[in-house]
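To keep things clear, I will list the structure first and then write my remarks on it.
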Amino acid sequence: MEAPPTPLESARFIAGRSRDVSVCEEGARRVAEALFDKVPSAAFSLAGWKQLHELNPRAASEEAVGWVFLVDTLNFSFWAERDDQKCLVKYKGTAYSGYWALCAAVNRALDEGIPITSASYYATMTLDQVRHVLRSDTEVPMPLIEERHRVLNESGTVLLEKFGGSFLTCVKMSENSAQKLLRLVVENFPSYRDEAVFEEKKVSFYKRAQILVADTWSVLEGKGDGFFGDISSLTIFADYRIPQVLVHLKAMKYSEELMKKLREGTIFQSGDKEEVEIRGCSIWCCALICKHLLELYEKKGQDMRDQINAVLLDYYLWDYARDHREEMKDIPFHRVRCIYY
Ligand SMILES: Nc1nc2c(c(CN[C@H]3C=C[C@H](O)[C@@H]3O)cn2[C@@H]2O[C@H](COP(=O)(O)O)[C@@H](O)[C@H]2O)c(=O)[nH]1
């Protein structure tokens, strides 16, 4: 069965035919101008992944790579039906929500002596053990607990059977190619196969597979097995926060009909036309922002291809969305319950 087009080719195709979502070239250029002075900061750097995020591993070890694989296997669907009733995980005096609640729960389990990052453990974890590890400190549980249990058992079993239980083994097999690692992950771990059909054509987003490659690059600090010559070939990760921030920054626009559905809290299904347009246009919009950013530096005689790529732009925008929740509250995010993002 032939592989679908890459996420970037998919994004170009979707953006060219999208009806309810549009990428604003002018808006994307203005965002690039606004980001120009941020590029040299930690928030736009590989080092920021550890420096700015206390829950991320400090080490660049096999164990730290195993942490990244576990977390990115579960890195989906944290949004709460009601913002005043959400899953929170308290860890070392801080209450974490959303994606960070997952990281806090993993670190809490490790502190309790539960070998949660070891494939031989999560390959055979029971649903009750998963409920215990991911337990919330409010009465609202983390969403999709049963699906999390299923993908843990599935991913742990594949990691044991094909890669000796170590994701670092899989990373080494990629021979410093991000695209090869992406392919190894998508081919071997079914829950990472984030694909759809748009106007009768297969398209791919590979959000968790691409963020897994990016987080592996980050935790290994871009060195040794974690050096990827083609890291710039990755796209941003099409989740439900990046589209929200792109609309907030006026680089992307929704039709009135779509805005109405989003404001009503409509639940979309994975693969719905509007959902595919939101995800494809987000990827395409960020590719334009990267292009404009590189051009702005080029005009000043600076080749910034090692400091500007979709991964670092994504991390920056995702952190920005986290830090500007209040300002962004009247831009709705699209609601899908799925294991892909
Ligand atoms: N595009 C993109 N989406 C990302 C991430 C992250 C966290 N990763 C890195 C960021 C800091 C750490 O250093 C990690 O390396 C989580 N998500 C997605 O967001 C959603 C959760 O949102 P909220 O409900 O607000 O917690 C959910 O779909 C989740 O899959 C990212 O970076 N980019």
Side-chain angles (χ1 to χ4, degrees), residues 7 11 42-58 64-65 67-83 86-89 95-107 136 140 142-144 147-148 151 191-192 194 205-222 226 234-246 248 268 270 275 278-279 282-283 285-286 289 309-326 328-329 331-341:
F44 209 102
S45 76
L46 173 53
W49 194 86
K50 290 183 176 174
Q51 274 171 23
L52 304 176
H53 300 300
E54 71 273 10
L55 295 179
N56 283 342
R58 306 298 93 194
V65 170
W67 186 97
V68 161
F69 179 76
L70 169 78
V71 166
D72 280 330
T73 295
L74 295 171
N75 188 355
F76 55 83
S77 211
F78 300 105
W79 58 268
E81 269 75 25
R82 294 177 45 147
D83 213 33
K86 57 185 170 184
C87 163
L88 291 176
V89 173
Y96 294 93
S97 67
Y99 164 81
W100 292 121
L102 167 65
C103 296
V106 169
N107 292 352
S136 166
V140 182
M142 193 177 288
L144 298 185
E147 286 77 1
R148 296 182 200 276
V151 300
S191 79
Y192 281 83
D194 175 10
F205 299 112
Y206 297 149
K207 183 259 172 201
R208 285 203 290 111
Q210 291 200 94
I211 202 169
L212 173 56
V213 177
D215 286 346
T216 301
W217 178 58
S218 300
V219 79
L220 291 175
E221 299 165 19
L234 296 182
T235 71
I236 58 107
F237 321 121
D239 72 323
Y240 53 84
R241 294 291 177 204
I242 295 293
Q244 196 183 12
V245 72
L246 291 175
H248 170 69
F268 290 93
S270 234
E275 187 239 11
I278 290 172
R279 300 184 77 198
S282 297
I283 291 174
C285 181
C286 288
I289 293 171
N309 60 42
V311 171
L312 297 173
L313 172 62
D314 176 287
Y315 283 163
Y316 180 86
L317 291 175
W318 193 81
D319 286 339
Y320 179 97
R322 266 267 150 165
D323 301 340
H324 296 77
R325 268 292 152 77
E326 201 37 45
M328 287 173 37
K329 69 180 184 319
I331 307 280
F333 62 87
H334 66 288
R335 294 161 179 243
V336 180
R337 279 291 177 224
C338 71
I339 62 167
Y340 300 112
Y341 62 97

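Keep in mind that the numbers below use all heavy atoms, side chains included, and drop hydrogens, waters and symmetry copies. Ligands are counted one by one from 1 in listed order, and the atoms in each one are counted from 1 as well.
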## Note on the structure
Rounding to 0.5 Å, atoms CD1 (Ile211) and OH (Tyr192) come to a distance of 10.0 Å
### Message
I'd like to check whether Tyr99 has a polar contact with ligand 1, where a contact means an N/O of the residue lying under 3.5 Å from an N/O of the ligand.
### Response
yes
### Query
Among side-chain atoms of Asn56 and Trp67, is any donor-acceptor pair under 3.5 angstrom?
no
### Message
For the backbone of Tyr240 and the side chain of Arg279, can you confirm whether one donor and one acceptor N or O come within less than 3.5 Å of each other?
### Response
no
### Query
Near Arg241, which atoms of ligand 1 are under 4.0 Å from a heavy atom of that residue?
22 (O), 23 (P), 24 (O), 25 (O)
### Query
Where the side chain of Trp100 meets the backbone of Val89, is there a donor-acceptor pair that is under 3.5 Å apart?
no
#### Entry: Side chain Arg208, main chain Ser191, donor-acceptor under 3.5 Å
yes
### Task
Examine the proximity of ligand 1 to Asn75 and report which part, side chain or backbone, both or neither, has a heavy atom under 4.0 Å away.
both
### Task
Measure from NZ or CZ of Arg241 to the centre of the six-membered ring of Tyr341 and say whether it is under 6.0 Å with the direction within 45° of the ring axis.
no
### Task
Check whether any heavy atom of Arg208 sits under 4.0 Å from an atom of ligand 1.
no
#### Entry: From the candidates Phe333, Tyr340, Trp318, the one that places a heavy atom nearest atom 6 (C) of ligand 1
Trp318
### Task
For the pair Trp318 and Phe237, evaluate ring pair (Phe, Tyr, Trp, His ring centres under 6.0 Å) and give the outcome as yes or no after the intermediate values.
CA-CA 10 Å; Trp318 193 81; Phe237 321 121; over 10 Å; no
### Numbered atoms of ligand 1 (with element) below 4.0 Å of Trp100, judged on heavy atoms
11 (C), 12 (C)
### Task
Say whether Ser77, considering both its backbone and side-chain N or O atoms, lies within less than 3.5 Å of an N or O atom on ligand 1.
no
### Query
Hey, does the side chain of Lys86 reach the backbone of Trp79 with a donor-acceptor pair shorter than 3.5 angstrom?
no
### Message
With a cutoff of 4.0 Å, is Lys86 in contact with ligand 1, counting heavy atoms of the residue only?
### Response
no
### Task
Give the atoms of ligand 1, by number and element, whose distance to some non-hydrogen atom of Lys207 is under 4.0 Å.
3 (N), 17 (N), 18 (C), 29 (C), 30 (O)
### Derivation of the side-chain contact (heavy atoms from CB on, under 4.5 Å) call for Tyr315 and His53
CA-CA 11 Å; Tyr315 283 163; His53 300 300; over 6 Å; no
### Mode of Ile236 contact toward ligand 1 - side chain, backbone, both, neither (heavy atoms, under 4.0 Å)
neither
### Query
So, Glu147 side chain and Cys338 main chain: donor-acceptor pair closer than 3.5 Å or not?
no
### Residue selection (non-hydrogen contact nearest atom 23 (P) of ligand 1) among Arg322, Gln210, His53, Lys50
Arg322
### Message
Can you name the atoms of ligand 1, numbered from 1 with element, that are less than 4.0 Å from a heavy atom of Tyr341?
### Response
28 (O)
#### Entry: Contact with ligand 1 for Ile211, non-hydrogen, under 4.0 angstrom
yes
### Task
Heavy-atom contacts with Asp215 under 4.0 Å: which atoms of ligand 1 show up? List them by number with element.
15 (O)
### Message
I need the nearest protein heavy-atom contact for atom 25 (O) of ligand 1: residue, atom name and distance, please.
### Response
Arg325 NH2, 2.4 Å
